[in-house]
A.B. asks: 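Structure incoming, see below.
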Amino acid sequence: MNYGYWLQRTHRELADARDRLSSDPAASIDDVGAAMAARQQVYAGLARLVELVTGGQPARADIDRNTVDIALQHAGDHATLLYLGLTAAAGLDRREAPARAPACRPGRHLASAADALAVAGDILASHTPPIREPLTPEGVAIRAGAGYTAAIIDIADLTHAVLLVDASLPGWAAASHPLAEDVYEPTLARSRWAGGGRLAALTNRVMANGGNSPSLLRLLEVAPAPGARTPIIDGATARSALLAARDWMHRNVGEVRAAHLASGTRLGLAVSAVATPHAPGADWRSWSTAAHAASRLHGTPPHGAAADVAGDLDRLTRWVRPGAPRPGQLTGTGPRREAIDTLAAVLPSLAEVLRTAAARAARHGHFFVSEGRELNHVPRLGVFHAVTRWRVTDTNDDGISRLRSALYEAGASALASSPWELDQKAPRLAKLAFATAIGLEPSSRAGAPSDQTVQHALPTKGRREGHHR
């Protein structure tokens with residue numbers, strides 16, 4: 001289940017919560033408080049998504065609502081304005097949240113929406129953790145701007161759904177318990193403020209100005225952790241193992257050795273050889289050249305986690321093709337052929353990770369090649385020994401140049417379909433991370449199309465809101 005699934009799950013739960021507000025009052029005042037706390041968690045979860053997409057807090061979170069009101073009336077960066085509105089609607093006083101889970105159905109749906117947002121946030125955090133370097137090639141692409149516009153639109157769409165809940169929340173609380181308005185007045189005041197119209201107008205502007213940006217982030221799944229050593233039994237486990245190995249080499253580029261290059265290029269050759277002809281990411285000739293060049297490199301064997309990653313690459317190769325690599329080895333279509341094509345989509349970013357690692361290892365003298373064998377004569381014994389002569393390579397070595405050139409070509413064909421949001425200065429790895437995913441992303445947003453007339457349905461500010469503003 002990917003990031004897009006959890007966004008859709010959140011939208012469904014918010015729609016159910018809104019529908020239940022008119023027919024399911026809370027049984028106690030504590031249950032009203034539990035629903036209020038779940039509402040706050042939803043807004044906080046949306047604000048967290050903005051932070052993860054933008055790479056950090058785009059604005060201070062402790063600005064008062066009057067200042068936020070003024071900011072929302074003016075033009076500005078959509079992510080910053082949306083973050084200001086979300087944090088103001090959520091509030092900062094965590095002491096209001098009770099320990100119990102909501103028992104009423106509106107509260108349960110709000111709590112489920114908050115949980116779904118938390119999972120979506122964890123998926124993004126596994127690729128782009130806050131205030132840290134990206135952990136995956138997809139994380140590099142996100143930090144470079146891939147999928148940014150569509151991601152902000154998705155968050156704005158979900159914000160609109162929460163605003164519809166806020167529009168009915170004060171009336172539901174008053175109908176549930178006569179003391180609810182007085183006990184939970186701070187939260188209800190935030191709810192009335194959020195339903196005042198300006199935050200809804202902002203979400204409408206964000207969605208109207210987004211165009212048809214590809215929802216690349218919806219394809220993201222939790223970045224797999226290397227070292228799990230799970231059996232490779234189908235396409236899903238094979239892809240997870242490949243992503244885990246690729247991400248480990250991306251994070252630990254200084255520990256990549258000749259064994260990883262040999263195993264990685266053999267895997268790329270195997271996948272591209274048996275994939276569907278013209279499958280995105282499959283370039284049999286480039287991977288064949290890379291595998292031949294990598295086979296001539298030698299080095300110290302990896303150990304620990306590095307050895308496990310090299311072993312995973314070899315296991316993947318054996319799963320992909322038990323026999324010799326031949327183009328068009330598989331005929332027809334089916335689950336296995338589709339699984340191989342899914343692996344082929346990862347090859348462009350794998351090639352770039354291997355190319356970067358090869359250059360770094362060569363700079364540090366981790367490769368050596370054979371210069372042939374000589375016969376050495378042992379005096380007085382009349383014995384000749386065959387001795388292999390070895391030479392340490394550098395970045396200018398012909399073998400290293402051929403390897404890096406072949407790996408460059410293995411990803412070159414995918415660059416034409418790289419995300420349009422990435423400018424020329426974006427890292428090549430960022431351009432390749434989502435390159436083969438263009439055209440595969442869902443066309444729909446988080447939920448149903450947003451009601452553009454929602455501002456008229458939201459309640460106008462009343463006596464209590466005017467008093468607290």
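Each residue takes its place number in the sequence, starting with 1.
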A.B. asks: When you compare the side chain of Arg198 with that of Leu202, does any pair of heavy atoms fall below 4.5 Å?
C.D. replies: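 Sidechains of Arg198 and Leu202: no contact.
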A.B. asks: Any side-chain heavy-atom pair from Ile340 and Trp319 closer than 4.5 angstrom?
C.D. replies: yes
A.B. asks: Is there a side-chain contact between Thr203 and Met207, using heavy atoms and a 4.5 Å cut-off?
C.D. replies: yes
A.B. asks: Kindly give the heavy-atom pair with the smallest separation between Leu84 and Thr87, and that separation in Å.
C.D. replies: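 Scanning both residues completely, I find the closest heavy atoms to be O-OG1, 3.1 Å.
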A.B. asks: Please list, chain by chain and in numerical order, all residues satisfying salt bridge (Lys or Arg N to Asp or Glu O under 4.0 Å) with Arg315, sequence neighbours excluded.
C.D. replies: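 Arg315 satisfies salt bridge (Lys or Arg N to Asp or Glu O under 4.0 Å) with Asp312 only.
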A.B. asks: Name all residues meeting the side-chain hydrogen bond (donor to acceptor under 3.5 Å, both in side chains) criterion together with Asn2; count only those two or more places apart in sequence or in a different chain, and write none if there are none.
C.D. replies: none
A.B. asks: Give a yes-or-no answer on whether the side chains of Thr237 and Asp234 include a donor-acceptor pair shorter than 3.5 Å.
C.D. replies: yes
A.B. asks: Pro129: which residues meet the side-chain contact (heavy atoms from CB on, under 4.5 Å) condition with it, sequence neighbours left out?
C.D. replies: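 So Pro129 forms a side-chain contact (heavy atoms from CB on, under 4.5 Å) with Arg132, Leu135.
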A.B. asks: Output the distance between atom OG1 (Thr149) and atom CD1 (Ile152), rounded to the nearest 0.5 Å.
C.D. replies: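 So the gap between those two atoms works out to 8.0 Å.
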A.B. asks: Write down the atom of Arg246, the atom of Ser349, and the distance for their closest heavy-atom approach.
C.D. replies: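 Looking at all heavy atoms of both residues, the closest pair is NH1-OG, 2.8 Å.
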A.B. asks: So, do Ile142 and Tyr148 sit near enough that their side-chain heavy atoms are less than 4.5 Å apart?
C.D. replies: no
A.B. asks: Residues in salt bridge (Lys or Arg N to Asp or Glu O under 4.0 Å) with Arg105, at least two apart?
C.D. replies: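 Counting only residues at least two positions away or on another chain, Arg105 forms a salt bridge (Lys or Arg N to Asp or Glu O under 4.0 Å) with Asp24.
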A.B. asks: Output all residues satisfying ring pair (Phe, Tyr, Trp, His ring centres under 6.0 Å) with His260, sequence neighbours left out; order by chain, then residue number.
C.D. replies: Trp248
A.B. asks: Asp115 versus Thr10: any side-chain heavy-atom pair under 4.5 Å?
C.D. replies: no
A.B. asks: Quick check: closest heavy atoms across His160 and Ala200, and the distance to 0.1 Å?
C.D. replies: CE1-O, 3.6 Å
A.B. asks: For Arg48, what residues pass the side-chain hydrogen bond (donor to acceptor under 3.5 Å, both in side chains) criterion, not counting sequence neighbours?
C.D. replies: Asp122
A.B. asks: Look up atom CG in Leu242 and atom OG in Ser240, then write down how far apart they are to the nearest 0.5 Å.
C.D. replies: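 It is 9.5 Å, given to the nearest 0.5 Å.
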A.B. asks: How far apart are the closest heavy atoms of Val206 and Ile153, and which atoms are they?
C.D. replies: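 Distance-wise, the nearest heavy atoms are O-CG1, 3.9 Å.
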A.B. asks: Provide the closest heavy-atom pair for Tyr408 versus Arg428 in the form atom of the first, atom of the second, distance.
C.D. replies: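 Looking at all heavy atoms of both residues, the shortest contact is O-NH2, 2.9 Å.
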A.B. asks: Identify the heavy atoms of Glu409 and Asp283 that sit nearest to each other, and give their distance.
C.D. replies: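 Distance-wise, the nearest heavy atoms are O-OD2, 3.4 Å.
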A.B. asks: If only side-chain N and O atoms count, and only distance matters, is there a donor-acceptor pair under 3.5 Å linking Tyr43 with Asp166?
C.D. replies: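 Checked: Asp166/Tyr43 side chains pair up, N/O donor to acceptor below 3.5 Å.
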A.B. asks: Quick check: do His127 and Asp247 have side-chain heavy atoms less than 4.5 Å from each other?
C.D. replies: no
